[in-house]
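For reference, the structure discussed in these notes is given below.
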Amino acid sequence: MGKYHINRLLGSYRNVLHELYIIDTIVKMTSDYCTELEFSGQYYGMSGEYSSQLSAERNHYINMLSVLSEKISILIDLNLSAEDELLLQENSDYCSRKIAAESPANKGS
């Protein structure tokens, strides 16, 4: 794979990583907000039955947001691993070209 393609892929991985961090921040902020409402007991003047339903619904959303955040973390890790592999490929290509260029057969000695 050529250096141009590796650089384009690295740029794409960095863009994806940036977007994943933004998404994870939004998910965590939403989860924190729901958790804060739940812990503060804000049920907007609802009766016991409705406040219990709202609490269960909030806890469901908090749990789903936690799962989503975990999945985003997995995607971030996969993205970083792929980026590392590309960097290794780029460096090994560079080293191979450097070794070939420095070989006695190519120096004309």
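Owing to the predicted nature of the structure, the values given are computational and were not obtained by experimental measurement.
The shortest distance between side-chain heavy atoms of Q89 and E85 does not fall below 4.5 Å.
Distance OG/S12 to CD/E83: 10.5 Å, rounded to 0.5 Å. Interatomic distance, S66 OG to N59 CG, rounded to the nearest 0.5 Å: 10.0 Å. Atom CG in L10 sits 9.5 Å away from atom CG in D84 (nearest 0.5 Å). Atom NZ of K3 sits about 15.5 Å away from atom CZ of R8, to the nearest 0.5 Å. To the nearest 0.5 Å, atom OH of residue Y33 and atom CZ of residue R58 are 8.0 Å apart. Residue L54 holds its CG atom at 12.5 Å from CD of E49, rounded to the nearest 0.5 Å.
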message: Between M64 and Y61, does the side-chain contact (heavy atoms from CB on, under 4.5 Å) criterion hold? Intermediate values first, please.
response: CA-CA 5 Å; M64 294 305 290; Y61 291 144; 5.5 Å; no

task: Take I6 and L9 through the test side-chain contact (heavy atoms from CB on, under 4.5 Å) and record every step on the way to the result.
output: CA-CA 5 Å; I6 289 174; L9 283 171; 5.7 Å; no

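Following chains of ILVMFWY side-chain contacts shorter than 4.5 Å, one can reach L65 starting from I23, so the two form part of one hydrophobic cluster. In the hydrophobic clustering of this structure, Y13 does not group with I76; members are Ile, Leu, Val, Met, Phe, Trp, Tyr whose side-chain heavy atoms approach within less than 4.5 Å, directly or through other members. Grouping the Ile, Leu, Val, Met, Phe, Trp and Tyr side chains by contacts below 4.5 angstrom, directly or via other members, places V27 with L17. The hydrophobic cluster containing Y21 also contains L68, counting ILVMFWY residues as joined when their side-chain heavy atoms lie under 4.5 angstrom apart, directly or transitively.
Residues I72 and L20 approach most closely at CG2-O, 3.7 Å, considering heavy atoms.
Proximity of a side-chain donor or acceptor of S55 to a complementary backbone N or O of S51 within less than 3.5 Å is not detected. With hydrogens and angles ignored, the 3.5 Å screen pairs a side-chain donor or acceptor of S73 with a backbone N or O of S69. Of the possible polar contacts, none joining the N79 side chain to the L75 backbone as a donor-acceptor pair under 3.5 Å is found.
Under a 4.0 Å N-O distance rule, the pair D24/K28 qualifies as a salt bridge.
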